[in-house]
Amino acid sequence: MAYSPRAFLSRVGPAIERAEGEKHGMDGVVEGDQGLAALRKTARHDLARLNYPAANWVPERAGPDGTRVLDVLVVGAGMCGQTVGYGLLREGIGNIRVIERETHGREGPWNTTARMPILRSPKHLTGPDLGVPSLTFRAWYEAQHGADGWEKLYKIARLDWLNYLLWVREAVGLRVENGVGLLKVEPAGDLLRADLSNGETVHARKVVLANGRDGSGGFRWASFPSFDPESPIRRGRVFHTLEDIDFAKLAGKRIGVLGVLATAIDNACTALEAGAAEAVCFARRPHLPQVNKSKGVSFPGFQRGQGMLDDDWRWKIYTYMLAAGSPPPHESVLRGQKLPGFSFRFAEPWCDVIVDEDGVTVKTTKGTERFDVVLFGTGFDIDMGRVKEIAAFTANVKLWADVRSANEVKANAEAARYPYLGRGFELEEKVPGRTPGLDNIHLFNWGSILSQGALAGDIPGLHVGATRLVQALSQALFTADIERHVQNMHAVEDPELAPTNYFVPRDKRAGTL
Ligand SMILES: Cc1cc2nc3c(=O)[nH]c(=O)nc-3n(C[C@H](O)[C@H](O)[C@H](O)COP(=O)(O)OP(=O)(O)OC[C@H]3O[C@@H](n4cnc5c(N)ncnc54)[C@H](O)[C@@H]3O)c2cc1C
């Protein structure tokens, strides 16, 4: 199933582009868009100037079933997975597969559970381009709206970001297998055996879990005495804001929202804009967090240096960041402020959530409220025990709890649950030797922030993170094959002097060279 990116690049053309655009209703990627077609040409020329894709250098290897072992299986083709895939092709590691369980256009949150009109990030951020100017968002936008359009643009529209990511993927010739999920990965000698949702079993030397913000745990559900997120009674009455929600069905309803951060507010606003009567956002805290600390650490020194610090510094930095929280974007708050029916209730934590046939009763510290529908805007959890794809390994995954004192763990329970990763984003063993192969699984998602900083989840750190991961994979694949590489080095025969009078055939040479 290995493929040639060069052949793929020459095959894909405007017809595919038009078909994809029509299929997914994407106004950004259409054949008629001369600007984008021209930009794609420029981008491919730029890539050719960089000798992209680089020649594959990893020696072939057969697996237990006789078929060629994959060098890297990338799981997830959101922003992080596709950038890693593209980075691997640049590095000359072409024997890879990139699988994505969702259909084309539904990767990541952008077209599904993200409910804000614009990105929080400033428009000039780079990342998925890996340093190629013609692959930046700015180039993509200017190709369609001109330099003036770029100047006038305030922030990136949510679906523009998705369309841009899909365009980059196509422009760099990265083949993504949509509709194929990783079910589980298990050790197989010095390889990993992966079961896929299409019935295939493949062997890989490395697996990259680029499985998203929820990829190191899942939704976070606050715990209440009378509420069970698994109970069928919650269907249609209680939602997590990261679930699919049919907002049209919320028209006329009174909605209680747990949480006051970005997704909580944007979901409340989406409900009101769809005709809900009222949406009340509750918080334990007395006011909104005011400062986005991550903005202050979004520069190359921090991004490159944080993961290289000792445990004490890394722990100090991220326990502070996690405790500080992050304010919702002011655009989201303004969106809410303008809507009749929107309100915040600060310093009013919930004590219980009781669901019945007609609605939901919420008991707070200040009284009892009745809602038609409740939304949990409580974000994602970090809990490696819930990452079912790697269940064979999870009991032995080293966590930050394993390297900090009992008091520190008690005081920072959430931080302590983060996995403790190596310098190349690889999972490490809690008890060495118990789960061989674990360090061939690289975690490239939000779960890596304690160990590496925010390099695999937010746009600003993506370039540094993807590059670091690709280099680590490259080094690991090389060193594991060192005997073969040295044999090849001995055997290599390059008749540089053949056109001259001084060429000496190998069997006539003095010594070995
Ligand atoms: C609502 C929202 C708004 C955000 N706004 C911003 C912003 O403005 N600026 C910013 O910098 N960041 C933002 N982020 C954070 C971050 O940029 C996004 O979460 C981004 O999608 C992260 O990219 P990713 O590739 O890690 O994850 P995703 O984009 O979620 O991609 C992961 C992919 O893995 C797939 N997958 C999961 N499990 C499997 C499996 N077993 N097999 C196969 N495929 C699998 C999923 O289907 C998914 O497509 C936002 C996040 C959210 C949720």
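Counting starts at 1 for both ligands and their atoms, following the listed order. Everything numeric in this text was worked out from a predicted model, so none of it was measured.
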Looking at ligand 1, would R106 count as a contact under a 4.0 Å heavy-atom criterion?
no

Ligand-side contact atoms (ligand 1) for residue partner I459, heavy atom cut-off under 4.0 Å
9 (N), 10 (C), 11 (O)

Taking 4.0 angstrom as the limit and counting only heavy atoms of E389, give me the atoms of ligand 1 inside it, by number and element.
38 (N), 40 (C), 41 (N)

Looking at non-hydrogen atoms alone, which of F380, W161, W110, F444 comes nearest to atom 14 (N) of ligand 1?
W110

Please determine if R169 and E100 form a salt bridge, counting it only when a charged side-chain N lies under 4.0 Å from a carboxylate O.
no

Can you list the steps and then say if T103 with N178 is a side-chain hydrogen bond (donor to acceptor under 3.5 Å, both in side chains)?
CA-CA 5 Å; T103 52; N178 282 98; over 6 Å; no

Using 30° and 60° as the class limits, which term best fits the ring planes of F137 and Y164: parallel, tilted or perpendicular?
perpendicular

Report, in ascending order of atom number, the atoms of ligand 1 lying under 4.0 Å from any heavy atom of A114.
1 (C)

If we set the cut-off at 4.0 Å for heavy atoms, which region of V180 has an atom near ligand 1: side chain, backbone, both, or neither?
backbone

Look at R335 together with E273 and state whether they make a salt bridge at an N to O cut-off of under 4.0 Å.
yes

Compute the centroid of each ring, for W446 and then for F380, and state whether the two points are separated by less than 6.0 Å.
no

Polar contacts were defined as any N/O atom of the residue lying under 3.5 Å from an N/O atom of the ligand; does this apply to T113 and ligand 1?
no

Below 3.5 angstrom, do we get any N/O pair linking T263 and ligand 1?
no

Can you tell me if N445 has a non-hydrogen atom under 4.0 Å from ligand 1?
no

Any nitrogen or oxygen of C80 lying under 3.5 Å from a nitrogen or oxygen in ligand 1? Just yes or no.
yes

Side chain or backbone, does G457 bring an N or O within less than 3.5 Å of an N or O on ligand 1?
yes

Step by step, would you call S332 with D266 a side-chain hydrogen bond (donor to acceptor under 3.5 Å, both in side chains)?
CA-CA 6 Å; S332 296; D266 281 310; 3.0 Å; yes

Do N412 and T319 meet the criterion of a side-chain donor-acceptor pair at a distance under 3.5 Å?
no

Counting each atom of ligand 1 from 1 as listed, which ones have a heavy atom of E102 under 4.0 Å away?
47 (O)

Where does the angle between the aromatic ring planes of W315 and W400 fall among parallel (under 30°), tilted (30 to 60°) and perpendicular (over 60°)?
parallel

Just jot down the ligand 1 atoms closer than 4.0 angstrom to any heavy atom of L119, in number order.
8 (O)

R115 contact mode with ligand 1 (heavy-atom cut-off under 4.0 Å):
neither

With a 4.0 Å cut-off, would you call R97 and E200 a salt bridge?
yes

For ligand 1, which atoms, with element, lie under 4.0 Å from some heavy atom of G78?
25 (O), 29 (O), 31 (O), 33 (C)

L182, any N or O under 3.5 Å of ligand 1 N or O
yes

Side chain of E170, backbone of R175: donor and acceptor closer than 3.5 Å?
no

State whether the side chain of R314 and the backbone N or O of S451 hold a donor-acceptor pair below 3.5 Å, judged by distance alone.
yes

To atom 30 (O) of ligand 1, the nearest of P128, G181, G108 on a heavy-atom basis is G108

For E107, counting its heavy atoms only, list the atoms of ligand 1 lying under 4.0 Å from any of them.
49 (O)

Looking at ligand 1, is there an atom of it that comes within less than 4.0 Å of some heavy atom belonging to P460?
yes

Nearest neighbour of atom 10 (C) of ligand 1 from the list G215, S294, A210, S121, on a heavy-atom basis:
S121

Return yes if a side-chain donor-acceptor contact under 3.5 Å exists between Y320 and K293, otherwise no.
yes

Which residue and non-hydrogen atom of the protein lie closest to atom 21 (O) of ligand 1, and at what distance in Å?
P109 CD, 3.1 Å

Does the separation of the ring centres of F239 and F247 fall below 6.0 angstrom?
no

